[in-house]
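Count residues from 1 along the sequence.
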Amino acid sequence: MREPAFWYRRSSWLARLLMPFGAIYGELTAMRMRKAGLAPGVPVICVGNYHVGGAGKTPTTLALVALLRDLGETPVVLSRGYGGRLQGPVSVDVARHHAADVGDEPLMMARDVAVVIARDRIAGAALARSRNASVIVMDDGFQNPSLTKDLALIVVDGDRGLGNGQIFPAGPLRAPLDGQIAATDALLIIGDGGAADRIAARITARAKPVLRGRILPVTASVEALRNQRVLAFCGIGDPRRFFRTLRAAGIDVATERAFADHHVFTLAEIAALRDQAARDGLTLVTTRKDRARLGAQAQNIASFEVTLAFDDPEALKLLVMERLNQARATAFRR
């Protein structure tokens with residue numbers, strides 16, 4: 001979906017009109033979040049957010065996978081498979097599956113880590129365990145109560161924050177903020193902006209850690225586009241962040257084209273982009289997530305890859321180790 005502009009305005013008559021619907025939606029979600037979850041037998045780390053749309057969950061998930069591997073763990077990512085037709089549980093196979101099967105983000109991540117998709121998170125956790133998971137990393141699913149979460153790491157964009165602070169459809173929040181903060185174990189703010197400072201203060205007041213990180217371009221992607229003028233396009237939650245990242249890396253972005261998050265590109269759209277790039281002497285570039293969705297249409301389209309760097313990786317490492325040890329001690333006592 002494309003996020004409505006009024007979600008990020010201080011005052012909007014449309015937001016006020018939709019607030020009663022948001023109150024109903026939020027209460028239903030809050031009731032759902034209060035349900036007890038199942039402990040799947042291995043620790044569960046959830047990378048989630050308070051709101052719909054993009055905040056950097058997928059780069060965070062991949063960075064967390066790398067940290068867990070450094071600790072000697074065998075992480076398996078569990079995803080709902082948003083945008084894919086398969087209900088699951090199924091292990092994502094990059095040689096066999098397409099984004100239309102399993103979703104673009106699971107397909108992209110499956111190049112680096114074992115990924116299971118499942119609408120039923122309990123069944124997905126069982127499949128992850130059969131794949132020798134020592135830790136399950138949930139990509140999204142903070143508001144889903146099916147599984148007990150040993151660490152709920154919430155990601156917020158430092159530039160966008162939580163928009164107007166209203167609940168969907170009046171704003172981007174998925175549930176009342178108080179309840180979501182209560183269920184949060186740690187907050188990760190991505191970027192240097194101050195839009196998440198108030199949320200950070202509320203988390204700190206609860207004696208919970210606030211971590212910071214930043215999205216950095218992969219050197220090889222920068223070098224591949226050096227001295228080229230590009231037509232950048234993407235269908236992600238925050239297209240402007242992609243365009244900013246390109247320019248911050250010194251890439252000459254001549255033209256921008258933004259599409260809705262998880263947009264399924266048609267042959268005609270890609271043909272039009274190719275024609276425009278050829279006419280203006282530009283190189284086509286998109287995100288790794290979008291390129292996964294393009295499939296066979298991705299030929300001669302550059303993928304600009306990024307990674308998440310934590311400001312204090314040792315603090316996150318200690319937090320993860322503490323939660324893993326607690327989860328295993330609890331399981332032993334059972």
Side-chain angles (χ1 to χ4, degrees), residues 22-52 55 57 60-61 64-65 68 73-82 87-90 106 115-156 162 167-168 172-188 199 202-203 205-209 316 319-334:
I24 295 171
Y25 181 91
E27 181 56 30
L28 291 174
T29 305
M31 290 172 59
R32 188 166 172 252
M33 289 181 68
R34 288 192 288 267
K35 294 180 179 179
L38 174 74
V42 295
V44 175
I45 299 176
C46 176
V47 179
N49 56 16
Y50 296 141
H51 59 291
V52 300
K57 291 191 304 298
T60 301
T61 298
L64 190 57
V65 163
L68 288 166
E73 302 288 344
T74 304
V76 173
V77 172
L78 175 59
S79 171
R80 180 179 177 274
Y82 181 85
Q87 297 289 312
V90 63
V115 178
V116 168
I117 63 153
R119 302 291 195 268
D120 181 338
R121 303 298 174 94
I122 294 174
L127 179 55
R129 288 201 65 184
S130 76
R131 297 205 61 184
N132 300 315
S134 66
V135 182
I136 293 172
V137 181
M138 292 179 65
D139 179 33
D140 210 357
F142 175 59
Q143 291 80 13
N144 186 308
S146 301
L147 298 175
T148 299
K149 302 168 183 68
D150 299 291
L151 172 59
L153 177 63
I154 302 304
V155 183
V156 177
L162 303 179
I167 301 169
F168 181 88
L173 290 183
R174 299 183 180 188
L177 191 55
D178 287 349
Q180 295 200 86
I181 288 176
T184 299
D185 296 309
L187 183 73
L188 171 63
I199 304 301
R202 294 182 65 177
I203 296 295
R206 288 176 170 264
K208 296 178 180 180
L316 177 62
L319 174 64
V320 169
M321 291 173 62
E322 175 189 351
R323 290 310 178 102
L324 293 180
N325 290 336
Q326 287 178 356
R328 286 166 179 154
T330 301
F332 179 77
R333 287 195 294 269
R334 290 192 187 116

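- With hydrogens and angles disregarded, no donor-acceptor distance shorter than 3.5 Å links the side chain of R174 to the backbone of F168.
- Taking a cutoff of 4.0 Å between a charged side-chain nitrogen and a carboxylate oxygen, D178 and R202 qualify as a salt bridge.
- Side-chain atoms of S134 come within 3.5 Å of backbone N or O of T74 as a donor-acceptor pair.
- Here the straight-line distance linking atom SG of C46 with atom CG of D150 works out to 11.0 Å at 0.5 Å rounding.
- The main-chain N or O of R119 is never found under 3.5 Å from a side-chain atom of R80 such that the two would form a donor-acceptor pair.
- The distance from atom CD1 of I199 to atom CG of L187, rounded to the nearest 0.5 Å, is 8.0 Å.
- Atom CG of residue D120 and atom OG of residue S146 lie 6.5 Å apart, to the nearest 0.5 angstrom.
- Judged as a salt bridge (charged side-chain N to carboxylate O under 4.0 Å, His left out), the pairs with a partner in residues 33-51 (not counting sequence neighbours) are, in order, E27-R34.
- Between R328 and E322 there is no salt bridge, since no side-chain N of the basic residue sits under 4.0 Å from a carboxylate O of the acidic one.
- Pairing each heavy atom of A183 with each of A152, the nearest pair is O-CB, 3.7 Å.
- Counting only distance, with no hydrogens or angles, the side chain of S79 and the backbone of G81 share a donor-acceptor pair below 3.5 Å.
- One distance of note links CG of D140 with OH of Y82; it measures 10.5 Å at 0.5 Å rounding.
- Atom CD1 of residue I122 and atom CG of residue N144 lie 8.5 Å apart, to the nearest 0.5 angstrom.
- Distance check: L188 CG to L316 CG gives 8.0 Å after rounding to the nearest 0.5 Å.
- Salt-bridge formation is not detected for the pair K208/D185: no Lys NZ or Arg NE/NH1/NH2 atom is positioned less than 4.0 Å from an Asp or Glu carboxylate oxygen.
- Paired with V77 under the rule side-chain contact (heavy atoms from CB on, under 4.5 Å), one option of V65, V135, I136, V47 passes, and it is V65.
- Under the 3.5 Å distance criterion, with hydrogens and angles disregarded, no donor-acceptor pair is assigned to the side chains of Q143 and T29.
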